[in-house]
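In what follows, a structure is listed as structure tokens, so that the remarks can point back to it.
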Number of protein chains: 2
Amino acid sequence: MFKKVLIIEDDAMLRSSIVQTLELEDLEPIPTNGFTQARRSIRHNFRGVILSDIKMPDHDGFDVLRFAQTKDEELPVILLTGHSDVPTAKRAIKEGAYDYLEKPCAPDTMIEALHRALKQRTLIMENREVRDELEQTNSDQTEGTLSERLEMHERRIIEEALSDADGKVAIAAEALGIPRNTLYDRMGKFNIVAKAFRKPTGN
Amino acid sequence: MFKKVLIIEDDAMLRSSIVQTLELEDLEPIPTNGFTQARRSIRHNFRGVILSDIKMPDHDGFDVLRFAQTKDEELPVILLTGHSDVPTAKRAIKEGAYDYLEKPCAPDTMIEALHRALKQRTLIMENREVRDELEQTNSDQTEGTLSERLEMHERRIIEEALSDADGKVAIAAEALGIPRNTLYDRMGKFNIVAKAFRKPTGN
DNA sequence: AAAATTTGTCCGAAATTTCGGGAATTTTTA
DNA sequence: TAAAAATTCCCGAAATTTCGGACAAATTTT
């Protein structure tokens with residue numbers, strides 16, 4: 001599970017207090033004093049969540065939220081808000097903020113919210129990874145001649161076997177259940193050289 | 001996104017109030033009056049989350065939580081708790097509850113928490129689906145003779161082509177770039193009959 | 001109902017693949 | 001360094017695959 005929490009808070013005291021709270025919970029706070037400083041950390045595939053004050057000198061929490069959404073639509077942003085700003089925070093949620101915390105808030109409450117956000121972020125990133133993987137393995141071949149597709153597959157099988165056998169043709173041939181000579185025949189057809197598959201680790 | 005919310009609440013008034021709140025938000029409440037009644041709805045792959053009172057005549061929220069976890073480790077459970085029971089709720093969170101709400105709670109707050117839980121549940125289920133799919137397509141063949149693996153693949157290609165061609169061998173053959181007769185040869189080898197691929201829609 | 005098209009099967013020649021044997025060369029092992 | 005093993009290539013016979021032609025049966029179109 002992810003642990004990074006990008007903290008955007010101009011009040012130095014509060015900021016370090018939050019950092020301490022998170023560190024006690026084995027999270028990884030990344031403290032910043034405002035939007036400008038935080039900006040470069042906010043990027044697609046950020047492996048964590050954002051915890052931002054809503055009211056700051058230069059920019060407000062909405063700036064953070066909007067910027068985060070341009071970088072990654074599914075990057076959870078939790079806003080810290082004073083009691084009088086709760087309606088603002090609710091509006092922020094409608095615009096995609098993940099949650100808000102009313103200042104001052106109990107450490108427990110903050111940790112609970114962060115855990116939920118981090119869990120969601122982890123799930124989102126896992127989802128993306130698995131989907132990418134699926135797309136790759138699925139992009140096998142959907143067009144082309146039967147023989148072209150079969151040759152593509154045969155090449156892959158042979159290369160995989162050679163790779164597993166550390167480039168040793170004899171071993172690969174046995175694994176594939178064919179005589180060495182036959183494998184050489186096939187390799188010749190596909191312009192595969194065994195050397196390319198030797199020494200998978202180091203050199 | 002999922003919308004089901006299994007409500008476990010013995011107080012009929014509060015229960016119907018919650019139902020109304022959820023319906024206004026286009027969610028799908030499933031009201032029950034206690035653990036016994038809810039039990040049969042709690043199952044693996046439930047497409048929603050659980051919202052349960054923590055203090056009830058027959059069983060308490062922990063019973064619900066534990067039972068849910070035996071059915072599905074990743075089924076979010078939100079607990080409704082009186083003010084005096086907040087410490088209990090925090091303990092429940094450590095045991096895997098997703099969140100808790102202090103009674104009486106503002107409809108907005110409840111909806112926000114439910115949305116987060118439903119979003120997480122949706123992500124979890126998507127994750128499972130994609131992983132299953134990946135496992136299937138990945139279980140191609142990692143062992144066996146070269147010819148065995150190639151034949152398996154050839155069979156799949158042919159069946160896919162026939163399926164696309166509505167079981168018409170001539171069309172499938174053209175798509176595969178081979179003469180019709182050759183495809184018949186191959187089909188004979190694999191015991192594939194074209195009829196099996198006809199009429200994919202209706203009859 | 002007749003005509004036209006498609007299906008499914010068989011045949012046989014040409015092309016390709018398989019595979020054992022052999023042998024020169026390189027790499028690894030002892 | 002000597003021996004053992006593996007690589008890479010060539011050959012040729014046996015087996016398999018490809019593919020066009022032909023044709024009866026089944027289906028669809030007209």
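Residue numbering restarts at 1 for every chain, and letters A, B, ... go by the order of the sequence lines. None of the values given here were measured: they were computed from a predicted structure.
- Enclosure of atom CZ in A/R155 by more than 12 non-hydrogen atoms of other residues, nucleotides or ligands within 6.0 angstrom is indicated.
- Salt-bridge annotation for B/D53 and B/K103: present, with a side-chain N of the basic residue lying under 4.0 Å from a carboxylate O of the acidic one.
- Heavy-atom neighbours of A/R91 CZ from other residues, nucleotides or ligands within 6.0 Å: above the threshold of 12.
- Fit an axis to the five pairs at each end of the helix from C/dA1-D/dT30 to C/dA30-D/dT1 and the two axes sit 60° apart, to the nearest 10 degrees.
- Using a cut-off of 4.0 Å between Lys/Arg side-chain N and Asp/Glu carboxylate O, B/K90 and A/E112 are scored as salt-bridged.
- When the nearest nucleotides of DNA chain D are assigned to A/L146 and A/I171 by heavy-atom distance, the more 5′-ward of the two goes with A/I171.
- D/dC19 atom C1' lies 16 Å from atom CD of B/E174, rounded to whole Å.
- Whole-Å rounding puts the A/K168 NZ to C/dT26 P distance at 17 Å.
- Here the C1' atom of nucleotide C/dT18 and the CD atom of B/E151 are 14 Å apart, to the nearest Å.
- Atom CD of A/E151 is separated from atom CG of B/L150 by 10.5 Å, given to the nearest 0.5 angstrom.
- Distance, A/L150 CG to C/dT16 P: 17 Å, rounded to whole Å.
- In summary, A/R149 and B/E160 engage in a salt bridge, as defined by a charged side-chain N under 4.0 Å from a carboxylate O.
- The stretch residues 177-192 of chain B touches DNA chain D through B/P179, B/N181, B/T182, B/D185, B/R186, B/K189, each having a heavy atom under 4.0 angstrom from the strand.
- Closest non-hydrogen pair, B/L6 versus B/S41, comes out as CD1-CB, 3.8 Å.
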*Assess whether salt bridge (Lys or Arg N to Asp or Glu O under 4.0 Å) is satisfied between B/R180 and B/E174, documenting all intermediate values.*
CA-CA 7 Å; B/R180 204 167 50 92; B/E174 194 180 4; over 6 Å; no
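- The environment of CD in A/Q37 is crowded: more than 12 heavy-atom neighbours from other residues, nucleotides or ligands sit within 6.0 Å.
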*Where along nucleotides 24-30 of chain D does protein come under 4.0 Å, by heavy atom, of base (B) or sugar-phosphate alone (S), with - for untouched nucleotides?*
-------
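- Counting heavy-atom neighbours within 6.0 Å of B/R128 CZ, excluding the residue itself, gives a total above 12.
- Closest heavy-atom contact between B/V193 and B/M187: C-CE, 4.4 Å.
- In this entry the distance linking CG of B/L162 with C1' of C/dG8 reads 13 Å, nearest Å.
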